[in-house]
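A short write-up of the structure that comes next.
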Amino acid sequence: MQRESEATKDIIVIGAGVIGLSTAIRIQEKGGYRVTIVAETFPTDPKTIRYTSHWAGAHHVSGAYGSERQREMDRETFNIMWKDTEHGGPVEGCFLRHKNTQFRSDGVDPSKWLDHMPGFRSISNDELVPGATHGWTFTTLTLYPPVYLNWLLGRFLNNGGKIVRAQLQHIDQAIHGGINGLPQEPDAVVACVGLGARFLGGIEDKEVYPVRGQTVVLKAPWVRFGRTLTYADGSHFYLMPRATGDVLVGGIRVADDWFPVPREQDRDYLLAGGLAMCPELAPPEILAERMPTIDDLRPLIVEEGCGLRPGRKSGIRLATEWPEGSKIPVVCNYGHSGMGFQSSWGSASVALNLLEEALAGEKPGKAKEYEIWPADYTGRRDHVC
């Protein structure tokens, strides 16, 4: 537990998804801060469409494209998670190291943002799957979100952190008090509010929009590798093996679609796309006799999921602002779309830097914002997973 003194500053973090938890821990473990997380939903709650982090894959495959800062954040996060996957690491039953192959036919070469991955190399034509023109393989990790998120929450609480369950209507309710359990005079607020940034009073960022995803989880312990396939038309499929012996199959990404439950037609679309990319999803005894169909996969389904990724037209918002009439800085850290887990620790480090700069004497009214994505970001969807 961090030692406190009279100089300890009170920080409120809004949001308890992977971004909020990682950011709260990064601030807390720097020392000199007493951190409280306020959120409507926590990792211990049942899965809900209002809490996206539970529905993530989640593997670490960067999609940074031309953004050097995004590459730095993804790389920092990968290095931390890679260390956590070591034998005897802190999170049993969560991480799986595995070989991942990225297949593409859209003309994009991911080498610039993936060549730091262990064992990275391009593959030969005879290693390609149908529909792919190029491919690259490397070793990465997959984590199991329910276990990982609860481990983050436990780590935060064991370090002396405090949580408050509340639904804020306006950022002022954190800044000026009135919510039981929150510091009534905080030194700063950090908004890790995901899709909620569109609606939370005082932020109301209309650049934020949902990118709906849907996944199917199969019990297929014989599959211990990951694959992604991006077609020339932008359609995209991926499969992620988990330490649990399950394999998650995904590829749905529809902007501004708020539908909150899995669609039957999307499930069949995913099964067909996943099987075309990886016939090995079918039980080995079936594959040994004939080409499998999606009907061979249906008995393997253990869960279907649907989540609303927090997209943002100009990319991740990492910024400091002072609400009108307030001397309390608000650090924004949201808009990660499908990249929350893979940039979580790096994003948290940037947020901490913004916080410390603000508390060190930045003048109220002077906003500071980091550009994460290049100007041509808008409309790109193939990084979403």
Requested in this report: Could you tell me whether a side-chain N or O of H59 sits under 3.5 Å from a main-chain N or O of V61, the two making a donor and an acceptor?
Outcome: no
Requested in this report: Using atom types as modelled and distance alone, determine if a side-chain donor or acceptor of S337 lies under 3.5 Å from a backbone N or O of M339.
Outcome: no
Requested in this report: Answer with yes or no whether the side chains of T137 and T101 bring together a donor and an acceptor at under 3.5 Å.
Outcome: yes
**Report entry** Donor-acceptor pair, side chain of K162 and main chain of G181, under 3.5 angstrom
**Finding:** yes
Query - Residue pair T230 / D106, side-chain donor-acceptor N/O under 3.5 Å - result: no
Query raised in the report: Do V247 and W55 sit in the same hydrophobic cluster, where Ile, Leu, Val, Met, Phe, Trp and Tyr count as joined when their side-chain heavy atoms come under 4.5 Å apart?
Result: no
Query raised in the report: Could you state the interatomic distance from CZ (F138) to OG1 (T140), rounded to the nearest 0.5 Å?
Result: 6.0 Å
Requested in this report: Report yes if the distance between the aromatic ring centroids of Y238 and H236 is under 6.0 Å, otherwise no.
Outcome: yes
Report task. Taking R317 for its side chain and R312 for its backbone only, find out whether a donor-acceptor pair lies under 3.5 Å. Result -> no
Query raised in the report: What's the spacing between T139 OG1 and H98 NE2 if we round to 0.5 Å?
Result: 9.0 Å
Query raised in the report: Are the side chain of E127 and the backbone N or O of S124 linked by a donor-acceptor pair below 3.5 Å?
Result: yes
Requested in this report: Examine M117 and L143 and state if one hydrophobic cluster contains both, with Ile, Leu, Val, Met, Phe, Trp and Tyr joined whenever side-chain heavy atoms are less than 4.5 Å apart.
Outcome: yes
Report summary line: Value for CH2 (W136) from CZ (R121), rounded to nearest 0.5 Å, stands at 12.5 Å
Report task. Check whether any side-chain N or O of W345 sits under 3.5 Å from a backbone N or O of R75 as a donor-acceptor pair, and report yes or no. Result -> no
Requested in this report: Would you check if R155 and E29 make a side-chain contact, meaning some heavy-atom pair closer than 4.5 Å?
Outcome: yes
Query raised in the report: Can you tell if the side chain of V330 reaches within under 4.5 Å of the side chain of T320, non-hydrogen atoms only?
Result: no
Query raised in the report: Where the side chain of R198 meets the backbone of V208, is there a donor-acceptor pair that is under 3.5 Å apart?
Result: yes
Query raised in the report: Just by distance, do the side chain of N150 and the backbone of V147 share a donor-acceptor pair under 3.5 Å?
Result: no
**Report entry** Carboxylate-amine/guanidinium contact E356 K30, below 4.0 Å
**Finding:** yes
Query raised in the report: Would you say the side-chain atoms of T52 pair up with the backbone N or O of L308, donor to acceptor, closer than 3.5 Å?
Result: yes
Query raised in the report: Transitively linked via ILVMFWY side-chain contacts under 4.5 Å: Y33 with I19?
Result: yes
Requested in this report: Give the cluster check for L149 versus F156: same hydrophobic cluster or not, with ILVMFWY residues linked at side-chain heavy-atom distances below 4.5 Å.
Outcome: yes
**Report entry** Over-ring placement of K327 relative to W322, 6.0 Å and 45° cut-offs
**Finding:** no
Query raised in the report: Between V216 and I286, is there a shared hydrophobic cluster once you connect ILVMFWY residues whose side-chain heavy atoms come closer than 4.5 Å?
Result: no
Requested in this report: Keeping the roles fixed (side chain from T77, backbone from G346), state whether a donor-acceptor pair exists under 3.5 Å.
Outcome: yes
Query raised in the report: Among F78, Y148, Y144, which residue meets the ring-ring contact (aromatic ring centres under 6.0 Å, His included) test with F95?
Result: Y148
Query raised in the report: Does the cation-pi check pass for R97 over W82, that is, NZ or CZ under 6.0 Å from the six-membered ring centre and within 45° of its axis?
Result: yes
Query - Non-neighbouring partners of E40 that pass salt bridge (charged side-chain N to carboxylate O under 4.0 Å, His left out), sequence neighbours left out - result: R50
